[in-house]
Amino acid sequence: MKIQVNEQALTLPNSMNIEQLLSHLEKPLIGSAVAVNMQVISRSEWTQYNINEGDNISLFQAIAGG
Amino acid sequence: MLSDNELLRYSRHLLLEEVSEAGQHKLKNAKVLIIGMGGLGSPAALYLAAAGIGHLVLNDFDDIEVSNLQRQITYQNSDIGESKVEVTKQRLQQLNPDIKVRSINKQMPEQQLSMELTMADLVLDCTDNMATRQMINKACVDAKVPLIVGAAIRLEGQLMFFDHSQAESPCYHCLFPSSEEQTLNCSNAGIIGPVVGTIGTLQALEAIKYFVGLPSGIKNKLKLFDGKTLDWQTFAINKDTQCSVCGQV
């Protein structure tokens, strides 16, 4: 399955949900936010939200500085 | 009625049909609580005072340090060691004697914050740590007070606006649900002054737009600013129905 993660093309070996994608990418679950096609997906939905072919995934971190 | 002095002072607002005299009155009657007088709060407070926001409440508990001066543009070298809120209050009154400025020179406990929110029309979160951000968010949700959140580190900025007067509004906690996140801040990650200044300036712009009745471009949205490319990304935020702060309506 071909998707985009932070504007980089990525091929996934199998279908997965958001939490599985973060594990696959070795990204921390804590402190990360995820958007699919410019829509933020709440953390409570990560295990139910399955990634689809062509999805544009954005991963970013909470920042607190000011 | 605006005085002759006010007509002159705000003449560049009055030329705009988006503000006009009616809008200037709304700014004059507005009460804004700004929490954090660092790199975000400095430009935000200066612009809101200049714009004629009638009541500003400034909260911080820090004294000015030499390492603040690289980005916190309200302060001067001779202010080192002085209280941030007291110096800012003095500067804002010099800038605009027509407005009322009150300072709170302490870390507000939840109860005091809730009390302050009963007197505020809008809050600007200009703080520098996740625990305080979560506390402000919860207090604003509970008090139904709109919240404009800014954050910045390195060459990155984040900007969002949650109108908690609307029950269906998402909140900061829907986006970032943990207060124990290992978040980066300006002291451990670094920051370039104009990056944090850009975000603080836009918090002030959104505040002015809110009071004069212009729709916000960031309501229920997260804007990410990349200071390297000057690119902006915009993400929609939906209410998390499982959110422990705003989910149980």
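Residue numbering restarts at 1 for every chain, and letters A, B, ... go by the order of the sequence lines.
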Minimum heavy-atom separation for Glu156(B) and Ile63(A), please, with both atom names. O-CD1, 3.7 Å
Please report the shortest heavy-atom distance between Cys174(B) and Ser42(A), naming the atom on each side. O-OG, 3.9 Å
Atom CD of Glu7(A): over 12 foreign heavy atoms under 6.0 Å: no
Interface moiety of Leu222(B) toward chain A, non-hydrogen atoms closer than 4.5 Å: side chain
Rounded distance (nearest 0.5 Å) linking atom CD of Glu45(A) with atom OG1 of Thr241(B): 6.5 Å
Which one, Arg133(B), Gln233(B), Lys221(B), Gln242(B), leads in non-hydrogen pairs under 4.5 Å with chain A? Arg133(B)
Apply side-chain contact (heavy atoms from CB on, under 4.5 Å) to residues Asn238(B) and Val40(A) and explain how you reach the verdict. CA-CA 7 Å; Asn238(B) 283 346; Val40(A) 173; over 6 Å; no
So, the side chain of Gln158(B) versus the backbone of Gln61(A): is there a donor-acceptor pair under 3.5 Å, distance only? yes
Tell me whether the count of non-hydrogen atoms from other residues, nucleotides or ligands lying under 6.0 Å of CZ in Phe60(A) goes above 12. yes
Taking every heavy atom of Ala236(B) against every heavy atom of Gln39(A), the minimum-distance pair comes out as O-NE2, 3.3 Å
